[in-house]
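Nothing here was measured: the structure is a model prediction, and the numbers come from that model. Only heavy atoms go into these numbers, but all of them, side chains included; no hydrogens, no water, no symmetry mates. Ligands are counted one by one from 1 in listed order, and the atoms in each one are counted from 1 as well.
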Amino acid sequence: MSDTVAGLLAEIADLGRDPVRGGWSRPVLSDAELGLREWFVAHADKRGLDVHTDRNGVLWAWHAPEGRYDDAVVTGSHLDSVPGGGAYDGPLGVASALVAFDRLAAEGVGGRPRAIAVFPEEEGSRFGVACLGSRLLTGALAPERALGLRDPDGRTLAEVLTAAGGVPEHLGPDPEALGRMGVFVELHVEQGRGLVDLGRPVAIGSSILGHGRWRVRLEGAGNHAGTTVMADRRDPMVAAGALVVAVQRLARAVRGARATVGRLEPTPGGTNVIASRVDLWVDVRHEDDALTLALVEEIRAAAVLAAAEQGCTATLVEESFSTTVDFDADLRDELSVVLPGAPVLATGAGHDAGVLKEHVPSAMLFVRNPTGVSHAPDEAVEDDDAEAGAQALARVLRHLAGPARAVS
Ligand code: GLV
Ligand code: MN
Ligand code: MN
């Protein structure tokens, strides 16, 4: 197989392109994401890998010598995206996995079974909970809760899954699938400028910043924009505006904290209508989990105050929270031997590797992103760096799989 990472990514460049937002919108179980899954399955079939989808919608492509599906070296990533995201967040890891597997096959690397895993809804951009597939697989998220999650159109995961031919009752912890994993290595585009500043193409991951999402609901009184005098209003949009400013002020006061309001939904959302309700989502991150939760409490208090000032009410609920993750130190050190000189970098972004790490020794590789931008169309990777990433992944997988044997 002579596929390159850039060539593979070029094949999917039109899937999920978003002419309105720019970039790509590939929400889980959308036509675009289902098309990407088909693309992956076709490539896995072409390579003679044994493909199946598990009870939580994780796609697995196995190289299982002598029918062994245990203690596997697993790599992979995700194919869903944020709204208007870049081309590399997720697909780079999947395409690199295919190219790395080609290299191992060409070298006749046997030894341990190996697999590529593609995790659904890593971004949580449709149903609100990030790393939904790996959380379900590991039991970190109860299936009853997952099935009731709603997308921005109000459809539950159970409804959307059923419409796509899935079986909601199958969702849930999967100790068998998890137990087959011996080690997991996820390759990902870097989502910052660490490698640019160091002048290096590939890094090893050290940790993931703790992070979570909270939904704030502000409720007031819907009314007419022309007939309601200013003194008579209970406008939750004004409370939302004050809260957005407060979130920035509060986060700036905590060294190392990051807090973002990236999504806000007024109901009913008419130009000449005073909203009756505004939902907004706050993403809060800090390496010290206690400080993250303390900051969220300050945001809750600010929401209640901003609401009260407008005669409105506020509630804040947690949608997901992931504590700070330090990757397995022994595995990280092993990777440093396999990739001498590769810098070791932390990331502020969440990943399935962070969820899996609680159950399976896990590691990450990052590939240089010349713009440093991510979750936006300007995310970038040079073709040579993409190949360097895939070759680094191949070296890591080869090392983990055991000694190479000569091609017969
Ligand atoms: C996922 O990329 C996240 O960090 O939210
Ligand atoms: Mn992402
Ligand atoms: Mn990602």
Side-chain angles (χ1 to χ4, degrees), residues 9 12 16 18 21 23-28 32-33 36 40 58 75-97 116-135 141 184-192 194 203 205 207-215 257-263 281-287 289 292 318-325 327 345-357 362-367 369 371-381 386 389 393:
L9 293 178
I12 54 174
D18 191 326
R21 299 182 180 99
W24 289 263
S25 294
R26 296 162 164 172
V28 70
E33 198 251 4
L36 288 162
F40 173 74
V58 181
T75 185
S77 194
H78 61 99
L79 292 169
D80 64 298
S81 80
V82 295
Y88 301 93
D89 179 352
L92 182 72
V94 176
S96 301
I116 304 174
V118 179
F119 294 94
E121 182 70 325
E122 188 268 358
E123 299 289 3
S125 53
R126 182 159 187 184
F127 292 102
V129 176
C131 299
L132 193 76
S134 55
R135 283 184 205 266
L141 178 70
F184 180 63
V185 182
E186 178 170 0
L187 178 145
H188 205 278
V189 60
E190 198 200 351
Q191 296 170 286
S207 60
I208 296 180
L209 197 63
H211 58 284
R213 300 173 182 193
W214 288 264
R215 191 197 69 204
R258 294 159 199 191
T260 308
V261 179
R263 181 175 161 213
W281 284 262
V282 194
D283 177 308
V284 185
R285 308 190 187 212
H286 196 282
E287 67 175 5
D289 299 320
T292 302
E318 178 186 305
E319 290 200 334
S320 65
F321 178 55
S322 306
T323 57
T324 287
V325 165
F327 285 116
L345 295 179
T347 177
H351 300 285
D352 291 301
V355 175
L356 291 165
K357 182 258 167 188
S362 298
M364 289 195 74
L365 298 179
F366 298 123
V367 176
N369 171 352
T371 63
V373 172
S374 190
H375 285 186
D378 282 348
E379 183 180 78
V381 174
L393 180 63

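Looking only at its N/O/S atoms, E123 has OE2 as the one nearest to the Mn ion (ligand 2). Between the Mn ion (ligand 3) and the N, O or S atoms of H188, the shortest distance is to NE2. When the N, O or S atoms of D89 are ranked by distance to the Mn ion (ligand 3), OD1 comes first.
Within a 6.0 Å radius of CZ in R215, more than 12 heavy atoms belonging to other residues, nucleotides or ligands are found.
Under the 6.0 Å distance and 45° angle rule, R263 counts as a cation-pi partner of W281.
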Residue pair V367, Y88: steps toward the side chain to side chain contact (heavy atoms under 4.5 Å, CB included) verdict: CA-CA 10 Å; V367 176; Y88 301 93; over 6 Å; no

Derivation and outcome, side chain to side chain contact (heavy atoms under 4.5 Å, CB included), residues L345 and T347: CA-CA 7 Å; L345 295 179; T347 177; over 6 Å; no

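Side-chain polar atoms of T324 and E287 form no donor-acceptor pair below 3.5 angstrom.
When hydrogens are left out, the protein atom nearest atom 4 (O) of ligand 1 is G350 N, 2.7 Å; that is the closest non-hydrogen contact. Regarding atom 1 (C) of ligand 1, its nearest protein heavy-atom neighbour is E123 OE1, 3.2 Å.
In this structure, H375 counts as a contact residue of ligand 1, since one of its heavy atoms falls inside 4.0 Å of the ligand. Ligand 1 lies less than 4.0 angstrom from a heavy atom belonging to R285.
Interatomic distance, D80 CG to W24 CH2, rounded to the nearest 0.5 Å: 15.5 Å.
Listed by atom number, the atoms of ligand 1 under 4.0 Å from A349 heavy atoms are 4 (O).
By the 30° and 60° cut-offs, the orientation of the rings of F366 relative to H188 is perpendicular.
The nearest N, O or S atom of H351 is not closer to the Mn ion (ligand 3) than 2.8 Å.
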